[in-house]
> 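Quick one: structure below, then a few questions.
For this chain, numbers begin at 1 and follow the sequence in order. Please read all numbers here as calculations on a predicted model, not as lab measurements.
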Amino acid sequence: MAMTLTGAFGNDEANKFYFLLSLVLIFPLTFLVQGISCALNNINPWIALAVSYIAFIIILFTVLNSSAWGYGLYFLVFWVIGYFGAKGIQKLRASKNK
């Protein structure tokens with residue numbers, strides 16, 4: 001995202017594409033991976049989620065406008081899917097091993 005702000009990808013259209021790509025695809029995937037990581041490694045989910053949202057809020061206030069708050073909910077959905085999906089898989093594996 002920072003590279004798009006500095007014009008690293010050339011013209012404005014390419015920068016917009018990579019900026020939107022990071023907002024719509026890369027950030028949700030990082031939230032998903034973080035949710036899975038929290039579940040598998042027994043990390044406190046509230047601290048991990050707070051750190052991610054602090055980073056998102058910094059980006060929101062420096063780059064985006066307040067209309068991007070909806071993306072925060074979008075990212076949360078991916079995190080919840082990752083976290084509870086991994087927890088569910090752990091429980092299934094544990095019940096099969098008994």
Side-chain angles (χ1 to χ4, degrees):
M1 189 171 282
M3 291 176 66
T4 60
L5 296 175
T6 60
F9 297 110
N11 65 14
D12 289 336
E13 291 300 316
N15 278 331
K16 282 183 186 178
F17 171 75
Y18 287 114
F19 182 79
L20 290 174
L21 179 71
S22 67
L23 195 60
V24 174
L25 186 66
I26 295 172
F27 268 99
L29 288 177
T30 58
F31 272 72
L32 179 74
V33 169
Q34 184 188 37
I36 293 169
S37 176
C38 286
L40 295 178
N41 297 314
N42 295 321
I43 297 171
N44 186 340
W46 301 112
I47 293 173
L49 199 55
V51 169
S52 293
Y53 268 101
I54 288 169
F56 173 67
I57 289 170
I58 290 169
I59 290 170
L60 183 75
F61 287 128
T62 58
V63 178
L64 306 170
N65 58 21
S66 61
S67 66
W69 276 110
Y71 285 108
L73 295 174
Y74 175 64
F75 300 157
L76 180 64
V77 168
F78 275 83
W79 188 90
V80 167
I81 290 170
Y83 183 77
F84 289 108
K87 283 288 190 185
I89 291 171
Q90 280 181 332
K91 285 185 180 182
L92 281 174
R93 286 184 179 172
S95 67
K96 287 183 180 179
N97 290 337
K98 289 183 178 182

> Are Val80 and Val33 connected into the same hydrophobic cluster when the rule is that any two of I, L, V, M, F, W, Y join if their side-chain heavy atoms are below 4.5 Å apart?
no

> Just so I know, are the side chains of Tyr83 and Trp79 near enough to count as touching, which here means a heavy-atom distance under 4.5 Å?
yes

> Tell me the closest heavy-atom pair linking Ala48 and Gln34, and the distance in Å.
O-NE2, 2.9 Å

> Specify the closest pair of heavy atoms between Tyr53 and Leu76, including all atoms of both residues, with the distance to one decimal.
OH-CB, 3.0 Å

> From Leu25 CG over to Thr30 OG1, what is the distance, rounded to the nearest 0.5 angstrom?
10.0 Å

> Please report the interatomic distance CG(Leu29) to CZ(Phe75), rounded to the nearest 0.5 Å.
10.5 Å

> Do the non-hydrogen side-chain atoms of Phe31 and Leu49 ever get within less than 4.5 Å of each other?
yes

> Quick check for you: to the nearest 0.5 Å, what is the distance between Ile36 atom CD1 and Ile89 atom CD1?
7.5 Å

> Should Leu32 and Val77 be regarded as members of a common hydrophobic cluster, given that ILVMFWY residues are connected when their side-chain heavy atoms come within less than 4.5 Å of each other, either directly or indirectly?
yes

